[in-house]
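Here is the structure we will look at, set down as structure tokens.
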Amino acid sequence: MKKIITLFAALTIMTFLSACGGSEENADAEEKKTIRFGATSGPYSDMVNEAIAPLLEEKGYEVTNKEFTDYVQPNKALANGDLDANLFQHKIYLESFAEEHNLDLSEVIIVPTAPMGIYSNEYEDIESVETGSTMGIPNDPTNLARALIILEDEGLVTLKEDVDPLRASLNDITENPKDIEFVEVEAGQLPRLVDSEDLSMVPGNYALAAEMDLLSALALEDMPDDYRNRVAVKTEDLDAQFTKDIKEVVESEEFEEIMDEKFEGFGKPQWMKEKE
């Protein structure tokens with residue numbers, strides 16, 4: 001009799017543990033089918049909502065997207081588990097922010113990104129720019145370096161031969177044949193300078209926020225991939241299935257078709273160019 005009671009108790013415990021294990025597995029499976037994205041308001045939030053989320057939903061995921069108006073909270077929310085992935089930043093910012101705040105974050109994949117451009121209501125093309133023209137440029141080091149590389153590519157300035165293209169500054173200009181007068185302001189103010197100055201360098205996200213047409217720029221940035229935005233996750237989630245599925249949908253032909261149709265003017269990353 002004792003053996004029967006003991007056997008019954010053992011079976012009861014095993015059944016209970018199996019049920020608990022099954023519940024945990026079901027919870028894990030259910031959790032993997034929900035992805036909480038975060039993106040800054042504007043084109044990258046639109047990219048999540050109009051391209052990434054629909055394609056993930058076709059794979060059976062439920063996708064939510066939280067919009068942010070700053071560049072600090074999306075990474076903190078990702079690190080503390082409030083988000084599963086975010087989309088708003090380039091490599092340099094991601095790495096420096098993670099190091100400064102001791103966060104373990106990693107990139108998943110680079111996405112098409114709105115390029116910086118030279119805009120003007122005064123001139124129709126670069127060749128028309130006159131000597132002594134004024135130009136608005138960003139005053140933060142990262143965007144300023146980008147602006148100077150564009151200006152050199154367009155023949156408006158010459159930079160020191162050994163300059164680091166990610167850290168170029170006004171002090172690195174060796175030639176300024178048009179004697180352009182640079183007006184340094186915060187990047188978010190540059191769209192306004194299209195009206196008040198002869199020319200203005202405007203980062204793509206601010207141009208779109210100001211409802212500017214990217215294709216109206218006199219010149220658009222040939223953006224290095226380091227400056228293109230990327231999807232990021234916690235490093236511990238790099239091998240998670242939802243991360244692999246995010247990467248897969250971004251690499252899909254359907255995603256590129258949406259980019260071509262709804263995000264005209266966005267510069268494609270190298271991996272996407274190599275597919276063409």
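Atom set for the values below is all heavy atoms of this structure, side chains included, hydrogens, waters and symmetry mates excluded.
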Got a donor-acceptor contact below 3.5 angstrom from the [X] side chain to the [Y] backbone?
X	Y	answer
T235	D104	yes
R230	L87	no
N86	P74	yes
K234	L83	no

Any side-chain heavy-atom pair of [X] and [Y] under 4.5 Å:
X	Y	result
P115	Y227	no
Y119	L190	no
M116	V202	no

Regarding [X] and [Y], is there a side-chain donor-to-acceptor distance under 3.5 Å anywhere?
X	Y	value
N229	Q89	no
D198	Y123	no
T134	E181	no

Go through the structure and list residues passing side chain to side chain donor-acceptor pair (under 3.5 Å) with [X], not counting sequence neighbours.
X	answer
D46	none
D70	none
N49	N65

Can I get a per-line list of side-chain donor-acceptor pairs under 3.5 Å for residues 166-173, giving both atom names and the distance, sequence neighbours left out?
| from | atom 1 | to | atom 2 | distance (Å) |
| --- | --- | --- | --- | --- |
| R167 | NH1 | D164 | OD2 | 2.8 |
| S169 | OG | N171 | N | 3.3 |
| S169 | OG | D172 | OD2 | 3.4 |
| D172 | OD2 | S169 | N | 2.9 |

For this session: Check D225, T113, D260 against K268 for a side chain to side chain donor-acceptor pair (under 3.5 Å) and give me the one that passes.
Result: D260
Problem set entry | Pairs touching residues 200-211 that satisfy side chain to side chain donor-acceptor pair (under 3.5 Å), sequence neighbours left out | Y71-N205
Seminar exercise, completed: Here the side chain to side chain donor-acceptor pair (under 3.5 Å) pairs for residues 136-148, sequence neighbours left out, are D140-N143, N143-R146, R146-E221
